[in-house]
Structures are given as structure tokens and as C-alpha cells.
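Okay, so here's the structure we're looking at.
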Amino acid sequence: MPKFVIERDIPGAGQFTAADLKAISQKSCGVLNSMGTDIQWIHSYVTGDRIYCVYQATDEALVRRHAELGGFPANRVDRVYSVIDPATAE
């Protein structure tokens with residue numbers, strides 16, 4: 001299944017409390033559960049004013065539908081074609 005990186009502009013995201021992040025995660029998981037098995041949340045990175053999420057999905061439209069149903073921004077959605085790390089250099 002293709003992998004996608006979603007950039008979500010959320011001012012102040014880095015200041016969210018553990019309770020805030022839990023609530024957001026619960027909302028996301030609830031929406032995902034209603035969408036079936038063609039989309040899966042892998043993990044997310046929270047920065048100062050953005051959250052970067054990594055998902056697997058059959059297509060970009062599902063990723064955007066999840067954002068719409070959850071009320072989350074999806075300012076940019078990019079398909080991942082390769083993953084590299086320090087071992088790639090060896």
C-alpha cells in the first residue's frame with residue numbers, strides 16, 4: 001500500500017498538552033475505524049506550528065477524506081516513493 005506524508009498547518013501544535021494530543025489521536029483513530037482497512041496511520045511528528053503525519057492508504061483521496069471527516073487540515077499531501085537513511089550510504 002502506498003505511503004503518504006501529510007503536512008498539517010496547526011499554529012501552536014508544539015504547545016499542545018498530552019491531553020490535547022490524546023484527544024486529537026482519539027478523533028483520528030475513530031475516523032479511521034469508520035473508514036475500513038484501506039487507510040492506516042503510522043505515526044506523526046509534532047513541531048512548533050505543524051504536524052507531519054505518515055499514513056498508508058490506497059490513494060491520496062482517502063487521506064484527504066480522513067482529514068475532511070476528522071476536521072483536520074491537510075495542507076499538503078505527498079506520496080512517498082523511497083525511504084533513505086544512513087544505511088543507504090553503505
Side-chain angles (χ1 to χ4, degrees):
M1 196 166 1
K3 192 174 285 185
F4 295 88
V5 175
I6 302 98
E7 181 178 296
R8 306 181 192 282
D9 290 339
I10 304 175
Q15 303 302 313
F16 287 172
T17 66
D20 295 333
L21 295 172
K22 181 177 182 176
I24 292 167
S25 298
Q26 288 174 334
K27 175 69 172 180
S28 179
C29 288
V31 172
L32 288 168
N33 287 338
S34 74
M35 294 181 71
T37 59
D38 288 338
I39 183 168
Q40 178 184 8
W41 177 26
I42 306 302
H43 60 261
S44 298
Y45 301 97
V46 180
T47 67
D49 291 317
R50 289 188 183 85
I51 298 179
Y52 298 91
C53 302
V54 179
Y55 279 67
Q56 287 183 313
T58 54
D59 59 39
E60 181 179 331
L62 273 177
V63 173
R64 293 195 178 277
R65 181 72 178 143
H66 170 263
E68 179 184 320
L69 292 172
F72 310 118
N75 302 92
R76 185 174 175 138
V77 178
D78 289 308
R79 183 170 175 179
V80 175
Y81 291 97
S82 297
V83 176
I84 62 174
D85 60 27
T88 308
E90 297 175 3

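Count residues from 1 along the sequence.
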Taking every heavy atom of Met1 against every heavy atom of Asp38, the minimum-distance pair comes out as SD-O, 3.4 Å
Could you list the donor-acceptor pairs under 3.5 angstrom formed between side-chain atoms of residues 48-58 and any protein atom two or more places apart in sequence or on another chain?
unit_1 : atom_1 : unit_2 : atom_2 : d
Asp49  : OD1    : Gly12  : N      : 2.8
Arg50  : NE     : Asp9   : OD1    : 2.8
Tyr55  : OH     : Ser28  : OG     : 3.3

State yes or no: do Phe4 and Ile10 share one hydrophobic cluster built from I, L, V, M, F, W and Y residues joined by side-chain heavy-atom distances below 4.5 Å, directly or via other members?
-> no
Same cluster (ILVMFWY, side-chain, under 4.5 Å), Val5 and Ile39 = no
Arg79 side chain to Glu60 backbone, donor-acceptor under 3.5 Å = no
CD of Glu90 to CG of Asp85, rounded to nearest 0.5 Å, is 8.5 Å
Which distance, rounded to the nearest 0.5 Å, do you find between the NZ of Lys22 and the CG of Asp20?
-> 12.5 Å
Under the side chain to side chain donor-acceptor pair (under 3.5 Å) rule, what pairs show up with a residue in residues 68-78, not counting sequence neighbours?
-> Arg65-Glu68, Arg76-Asp78
Taking side-chain hydrogen bond (donor to acceptor under 3.5 Å, both in side chains) as the test, write out the residues that go with Gln40, two or more places apart.
-> none
Going through the checks in order, is the side-chain contact (heavy atoms from CB on, under 4.5 Å) test met by Val46 and Phe16?
-> CA-CA 9 Å; Val46 180; Phe16 287 172; 5.5 Å; no
Heavy-atom side-chain proximity of Phe72 to Ile6 below 4.5 angstrom = no
Residue pair Pro73 / Arg8: nearest heavy atoms and the distance that separates them | O-NH1, 2.8 Å
Closest non-hydrogen contact found for Met35 with Leu62 is CE-O, 3.5 Å
State yes or no: do Val77 and Ile24 share one hydrophobic cluster built from I, L, V, M, F, W and Y residues joined by side-chain heavy-atom distances below 4.5 Å, directly or via other members?
-> no
